[in-house]
**Student:** 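Sharing a structure with you now.
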Amino acid sequence: MRAAFSDALVGLAKADPNILLLTGDHGYALFDDFRRECPKQYINAGIAEQNMVGMAAGLARCGFRPFVYGLSAFIPVRVVEQIKLDIAHDKLPVILIGDGAGFVYSHLGTSHQSTEDIACTRAIPNLSIYSPADRFEVTACMEMAYHSMSAVYLRMGKSDRGDVHIAVPIIKAGHLLEIKPGKVGSIAFIATGSLVRTAMDIASGSYPDAVVWSAPVIKPIDMQQVATICKQHQIIVVLEEHSVLGGLGSAIAEIAAEFAPVRILRIGVQDRFSHYCGTYDYLLQEHGLDRLAIAQRIADFLTVD
Amino acid sequence: MMSQNKTFDTKALRKTVLDMAYAGSTVHIGCAFSIIELLAVLYRHHLRYPGNDPLAVGRDYFVLSKGHGVMAQYACLRELGWLKDDAFSHYFADGSDLKGLSDSRIPGLEVTSGSLGHGFSVAVGLAMGVKLRSTDQKTYALVGDGEINEGAIWEGALFAAHQELSNFMVIVDENGFQAMGSTQDVLKLGSIQAKFESFGFEAITIDGHDEAAINNAIIQLWASNLTSPKALIAKTIKGKGVSFMENNNIWHYTRLDSETYAKALSAVAGGE
């Protein structure tokens, strides 16, 4: 997934000299290719994210196409106001890349873990939020972000959970992608990022009639499509490596409540910080986001009237 | 310069600010009055807008980072013909365009400011972009002395010096006050010139109400062959031009009534 990101960025930057990569002193090794291929388009802005994002707005104002890279704990969370005021207010085409979303930095603790970034950015007008699930969605999201000519927050989470597509999908902003067909009247899984693979595995293993959707774009979201899915299924399960407050689960529940009320199970981080450290898989267990715990919660949810 | 035929007379600019502040019953008069001479000199002698177009490609960038002084800039934009008179008589009317803080949707205002410490970084980005394009455009950021409490200012200062943005000038309106009191009482700044110099800027301190001194300092800074970004520290008086407002911080918040409006108009006309 990170290789796909680097390849997409280098490809775009070689074709468009107005593309600039700004990093807040992050991305060691990740940008080796970029620095070799496009050295004049690379700016390390130092450990100074507020200035970096404000500056990206200035660069966009004079016709450049900045890609601003940081860890998602910092880009966007540390700089929400710069994104709102300097970039989104004037619809500037700045692409913000938040890497390591969720519990990627499982050993480093709360400062580097990011499970509130979608909630922090969803209410900002003129800002799109992308959350790719695999390398193919990364490629598609990078292309879409570049061609959108608007402000985008691209959330990159755990990158080695396996592909969910077999080729680069065609993504239209706001559309959910069906990655496992199922039957009307059954369960619909709607997942984003790293948990799309988990949703596929659970559905394939235990709910052969269930349909699985990936949400590579969290905002904007196609309300009609979501409402239709909610109408056609008895249970909706939303999965995200993010707080259950303000993320994809909230977005789906908001639409369902207004247009197609249905029971929705929101799988995500339960409004808490990590207490302990350990491997990524350990952290998922601590938060009840490993495959077994999620499968159990779904089974419990199905037995409740 | 595109603005040579404009006078940017400081008495007239102050009168415009008073008129609009009275019409809109607004605050921040003192914040506008400390930067009148700075803006007059910039617009009269330095800022280049090809075709008198506020959005002209190749223009110089003037970023009012201390958005609280925006009435002074509105007054200049009126002189340039970019704002119409009724925008002033209807200041703060329901559905009107001109806000109490700088908004980039108004042609001539480059950024949306008021939350402090933002415009400076955007201006650094503009200067960086100009440097990458290798054009001769200049970028100015006007910040308040209170505003430089913000950490983002110093992030941007490090970056501007590191990248040798010699096309960038920060102008500090050192009026000695911020919202709740004097800068000395709230958060001591020490020597602002020494601070910017220590960050790698070439800096000059002048009387920010002496138009000749301002103009000479700007010319001198741009004439330098050093690769450093520039800092012009302007010692100013908050509320300058109206004796009962000068160095009286209640005019950060106080609105004019008919009596204070008349007294202020008279003071400005007399040039006391």
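All values below come from the heavy atoms of this structure, side chains included, with hydrogens, waters and symmetry mates left out.
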**Student:** Under 4.5 Å from any heavy atom of chain B, what part of Leu20(A) do you find: side chain, backbone, both or neither?
**Tutor:**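 Answer is side chain: those atoms of Leu20(A) sit under 4.5 Å from chain B.
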
**Student:** Where on Gln163(B) is there a heavy atom nearer than 4.5 Å to chain A: the side chain, the backbone, both, or neither?
**Tutor:**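 Just its side chain gets close to chain A.
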
**Student:** Is it true that Arg155(A) and Asp117(A) have a side-chain N and a carboxylate O under 4.0 angstrom from each other?
**Tutor:**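 Here Arg155(A) pairs with Asp117(A) in a salt bridge, since their nearest N and O are under 4.0 Å apart.
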
**Student:** Could you give me the CA-CA distance, side-chain angles and deciding distance for Tyr140(B) and Trp222(B), then say whether ring-ring contact (aromatic ring centres under 6.0 Å, His included) is met?
**Tutor:** CA-CA 12 Å; Tyr140(B) 302 82; Trp222(B) 287 141; 5.6 Å; yes

**Student:** What residues of residues 60-77 of chain A make heavy-atom contacts with chain B at a cutoff under 4.5 angstrom?
**Tutor:**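 So far as heavy atoms go, Arg61(A), Cys62(A), Gly63(A), Phe64(A) are the residues that approach chain B to under 4.5 Å.
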
**Student:** Give a yes-or-no answer on whether the side chains of Thr192(A) and Glu240(A) include a donor-acceptor pair shorter than 3.5 Å.
**Tutor:**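 No pair is found: no donor N or O on one side chain lies under 3.5 Å from an acceptor on the other.
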
**Student:** Between Ser121(B) and Glu155(B), is there a side-chain donor-acceptor contact under 3.5 Å, judged purely by atom types and distance?
**Tutor:**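 No, Ser121(B) and Glu155(B) have no side-chain donor paired with an acceptor closer than 3.5 Å.
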
**Student:** Could you check which of Thr139(B), Val57(B), Thr112(B), Leu158(B) has the highest count of heavy-atom pairs closer than 4.5 Å to chain A?
**Tutor:**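 Top option by heavy-atom pairs under 4.5 Å: Thr112(B).
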
**Student:** Do other residues, nucleotides or ligands put more than 12 heavy atoms under 6.0 Å from Ile219(B) CD1?
**Tutor:**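 Check passes, neighbour count above 12.
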
**Student:** Checking heavy atoms, do the side chain of Glu49(A), its backbone, both or neither come under 4.5 Å from chain B?
**Tutor:**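 Contact with chain B: backbone only.
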
**Student:** For Phe120(B), which atoms come within 4.5 Å of any heavy atom of chain A: side chain, backbone, both, or neither?
**Tutor:**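 For Phe120(B), neither part sits under 4.5 Å from chain A.
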
**Student:** If the threshold is 4.0 Å, N to carboxylate O, is there a salt bridge linking Glu254(A) and Arg122(A)?
**Tutor:**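 Judged by the 4.0 Å cut-off on N to carboxylate O distance, Glu254(A) and Arg122(A) do form a salt bridge.
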
**Student:** Before accepting this row, confirm whether a basic side-chain N of the pair Asp60(B)/Arg48(B) lies closer than 4.0 Å to the acidic partner's carboxylate O.
**Tutor:**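 Result for this pair is yes, salt bridge flagged.
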
**Student:** Can you establish whether the number of heavy atoms outside Gln224(A) located under 6.0 Å from its atom CD is more than 12?
**Tutor:**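 12 or below, so no.
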
